[in-house]
Number of protein chains: 2
Amino acid sequence: MPAKENLRPGGRSARVQASVHNAVRLLLKTMDRADVTIPLIAAEAGVTPSTIYRRWGELQELLADVAVERLRPDMLPIDTGSARGDLEVWTEQYCEEMSSGIGRDMMRDVLAAQDNANACKCDAFTREQIALIAERAHARGEAFPDIDAVMDGVVAPIIYRILFGDQPSIERVRDLVTNVLTATPTRPPQPVSAPISA
Amino acid sequence: MPAKENLRPGGRSARVQASVHNAVRLLLKTMDRADVTIPLIAAEAGVTPSTIYRRWGELQELLADVAVERLRPDMLPIDTGSARGDLEVWTEQYCEEMSSGIGRDMMRDVLAAQDNANACKCDAFTREQIALIAERAHARGEAFPDIDAVMDGVVAPIIYRILFGDQPSIERVRDLVTNVLTATPTRPPQPVSAPISA
DNA sequence: CGCTAAAAGCAAATAATTTGCGTTAATGGA
DNA sequence: TCCATTAACGCAAATTATTTGCTTTTAGCG
């Protein structure tokens, strides 16, 4: 029961959604998340609580909805000139973002929701970022591992550690990147959508 | 605020805890988890709701508490005679258990709780199981990777996929095991606590 | 511009949570 | 073994959150 694009996109409905999302973001900054309630959010957003109950069902779903928006990447991976550099920089930034209190909370919110569509979205966001790095690598003529290899070898260990109590260290993260770039079979450079010289 | 060992372990308190845990397990079997409420659990367990509120705080914590008990391994990893066999069999069983609806729900419950002590416990359970396999391997004189390498290379990818929407396939799981046993540096056999022939 | 129905508002009814206080019983020391 | 202490429980009243029936607003569309 997510408040997604399958509802009226225009006018008031959209305004309410934006207002509620803003209220959640504001309250999460201001106070402890355990004290954030739907009536409070409703008051802050200037809507009645029943609107939120009917649209989102429970606080958990609303929080997941807000969290996934904040987890959406807002920029392209930095271009360092090499695949290794790109992946290292991106991974370190990703890890830092996710390890932070806010990142952890957002991830928790996304995973705690009954509906796992938001979790899938997060996975898709990450894959897109890595795909961009891979495309750049291929355009340069560099080899690059499969997306799945990067997900398994770099992203999954980082997320697992964050979720299950360990803070992954910078050194560990660098090792993960090194391993996936060297110890796993890399895909030879190949055309992305059109051959490089057609 | 977990209902842990830091409370009176004896008599009534323990009885209440057991009764509440049983009630939760029963209700989760019987009905949809969205309909399970604290007053309902209290009625089923024969205690007053306020007892549960005071001990666990919220439903989420109670569910996490119950889930972590169910995730505790109840048997030693099967001994197949070789490290590879042990790890393969254990991994496949682990993956199957965690991918099932119940496993997913339990993991969600553990991760959704404010208190991440339960998540740490789950991680510790898994490490212990792998450590047992490693010890057996070393006792046989076989090389075996570091626990961390297995966590990063096998466990993390499986859990990541389950949490973020993909069902890891048997083939993929086998590949993970093969990779960690071949492509990562393995630790030479070494005495566990006492030299093999002292 | 008007129709239709989805989404929002409102308020009453229901259910969950918190809280103050008296009671029970686990623990530890005499 | 018995008593003192106090953590944990039970109960009930007060508070707060959630659900629900109905009305009003308004987006989407011919």
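When reading the values below, keep in mind they use all heavy atoms of this one structure, side chains included, and skip hydrogens, waters and symmetry mates. Protein chains get the first letters and strands the later ones, always in sequence-line order, with residue 1 at the start of each. Not measured: the values here are computed from a predicted model.
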Nearest to the side chain of [X], which nucleotide is it out of [options]?
X	options	result
R55(B)	dC10(C), dC9(D), dA8(C)	dC9(D)
T37(B)	dA26(C), dA16(C), dG9(C)	dA16(C)
S50(B)	dT17(C), dA12(D), dC10(C)	dA12(D)
R54(B)	dG20(C), dA16(C), dA17(D)	dG20(C)
R12(B)	dA17(D), dA11(C), dC9(D)	dC9(D)
V16(A)	dA26(C), dA8(C), dC11(D)	dA8(C)

Between [atom2] of [N] and [atom1] of [X], the distance in whole Å:
X	N	atom1	atom2	answer
D35(B)	dT19(D)	CG	P	10 Å
L40(B)	dT17(C)	CG	C1'	15 Å
I41(B)	dT17(C)	CD1	C1'	14 Å
I52(A)	dT20(D)	CD1	P	17 Å
E58(B)	dA16(C)	CD	C1'	13 Å
E61(B)	dT17(C)	CD	P	14 Å
L59(A)	dT19(D)	CG	P	12 Å
Y53(B)	dC9(D)	OH	C1'	16 Å

Q. Using the ring of each side chain (for Trp, its six-membered ring), is W56(B) parallel, tilted or perpendicular to H21(B), with breaks at 30° and 60°?
A. tilted

Q: Would you please say whether a donor-acceptor pair under 3.5 Å links the side chains of R33(A) and Q114(B)?
A: no

Heavy-atom check, side chain of [X] versus side chain of [Y], under 4.5 Å:
X	Y	value
E69(A)	K121(A)	yes
D152(B)	Y160(A)	no
M106(A)	M98(A)	no

Q) Below 4.0 angstrom from OP1 or OP2 of dG9(C), is there any side-chain N or O of T51(A)? A) yes

